[in-house]
Amino acid sequence: MKLDRRQLLRGLGAAGLTSAAGATSLLARPGAMPELAPRPPVPAGQAHDWHFAAAERPAHLLGPDGPSTTVWTYSDDLMPVKRIRLGDTIRARLENRLGEHTAIHWHGIRLPNAMDGVPFLTQPPVNKGQSFLYEFAPPDPGTFFFHPHCNESGQTGRGMAGVLIIEGDERRHADADLVVAYKDWRLAEDGTWLAFETPEGASRAGTYGTVRAVNGVAPTHHAVPAGGDVRLRVLNLDSTRVIEVGIDGAEAAAIAIDGNAVTPFPLDTWRMGPAMRIDLLVRAPAPGKSFKVIDYFSSEPWTLGTYEAKGPARPARVFDPAILFKAALPRADLGNAERMSFSFSAASGSVADAAAALAPDDPLANILLDGLCVRDNSFWAINKASWASDQHRQLPPPLGVLTTGRSYVFELMNATPHHHPIHLHGHTFEVLSASRLKRPRHFADTVLLQPKERIEIAFVAAEGNWMFHCHVLEHLEYGMMGYLRIS
Ligand code: C2O
Ligand code: CU
């Protein structure tokens, strides 16, 4: 099915789609897309004071008439969408009313290390009854999200996640701007949670949800302006599932990856592991017609949303998806970059072994397992080291020691038969090359390593202790996590 669609699209070419839409498209000729215009300087904006009370709340995840589920959320909104402008400052107070410690990690944002939200590494854990103030001005516009960074499968699995949109990348506004946040729920039929982790899942591709959902609920219909340009911000916020997004029924272009503007290219499909985002611009069809966002990675294509064109017909006009300013990001000096290699593999040792070296009633055994946010076993490793597998009373050594301001090229190698979306905190890297999946060169904060794939990324090192891990939550919790020390 996946192949069929790609072959079909290749055969058609963008021109085929264009004539169906009845207007010309700047995507019709490969290489014809002009470079994006640079973004003008942005003045300082306003401050946003947010209060996030992490707590248990009731929600109906199995439909309005279904049973109630106890979710864990930051606010009364399930998966809130926060929008600010580039130049604005976020002042978010996290108050913890849960029975376990938590924190907020601002995924993909280049921020000061102390605001990165990793318990034990960048801040003390926020225990029950405590609070923590995050204050920073995001330097880049785009589509981001936030989530906790300890007991991730349990906390995110119960709903702790939110979308963060930083506006200000638009040279021209889209006619509609919609969030498509994909995330499954792992629920029994009576609305209670199933185990978020299973040994079978954790040691392989991960444990899948039982209820597929978009923006927290079952996929729905949305109205979009007929003939208008619709910006879809697609986020894969699932703990486990890889999706491959395509648009059926309209011409579409990719305009940003992980929030970073790219020279638009025609979308056939885009494969996304957990934590990855893509912004699309879709030319809505004529009144009464609709288009769908589809996951082609599932065994059967699965619809994430149906978008019905409403309102008066518009005269045909050129589809020009270059609505964004060019991303303004530090670019590695490839000629002088230092090279480092990272191999993502199955574990050789295990935390269970490390804990077993202590007497079973030694309280340190629990501190070890709880304090370093690991489970009682390790299945995965980066450069043969499993997160916290060797160190009992302190953080494990970093995976790499880097120099602030220096350029680096990382070679990422997947020695497993599974997908691993690899994420580096606090940086936006350039994906230079990949051995298996063809992708244009682009900026990202998370890149999907296909089974046995080799990928090169480059970046300029920013000061701090930055986590570097797979974003399949059970993979990071069972060892495929580490950090870089940059000073
Ligand atoms: Cu969303 Cu450590 O990451
Ligand atoms: Cu992984």
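This chain uses plain numbering: 1 for the first residue, then up along the sequence. What you are looking at is a predicted structure, and each value in this text was computed from that prediction instead of being measured. Indexing begins at 1, ligand by ligand and atom by atom, following the structure's order.
- Within the coordination shell of the Cu ion (ligand 2), defined by N, O or S atoms under 2.8 Å, His471 is absent.
- Close placement of the Trp380 and His420 rings is indicated, their centers lying within 6.0 Å of each other.
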Walk me through whether Asp140 and Arg110 qualify under side chain to side chain contact (heavy atoms under 4.5 Å, CB included).
CA-CA 8 Å; Asp140 308 307; Arg110 297 188 301 130; 2.7 Å; yes
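- To the nearest 10 degrees, the angle centred on the Cu ion (ligand 2) between ND1 in His475 and SG in Cys470 reads 130°.
- Within His420, the N, O or S atom at minimum distance from the Cu ion (ligand 2) carries the name ND1.
- None of the N, O or S atoms belonging to His419 lies under 2.8 Å away from the Cu ion (ligand 2).
- Between the side chains of Asn127 and His101, no donor-acceptor pair of N or O atoms lies under 3.5 Å.
- For the ring pair (Phe, Tyr, Trp, His ring centres under 6.0 Å) with Phe459, the qualifying choice from Phe468, Phe429, Phe410 is Phe410, the only one to do so.
- Of all protein atoms, those of element N, O or S that lie under 2.8 Å from atom 2 (Cu) of ligand 1 number 3.
- In this model, a donor atom of one side chain and an acceptor atom of the other lie less than 3.5 Å apart for Ser153 and Glu197.
- Side-chain atoms of Gln450 and Arg271 form a donor-acceptor pair, as typed in the model, at a separation below 3.5 Å.
- A donor atom on one side chain and an acceptor atom on the other are not found under 3.5 Å apart for Thr210 and Arg186.
- Arg212 forms a cation-pi arrangement with Trp302, by the criterion of a distance under 6.0 Å to the ring centre and an angle within 45° of the ring axis.
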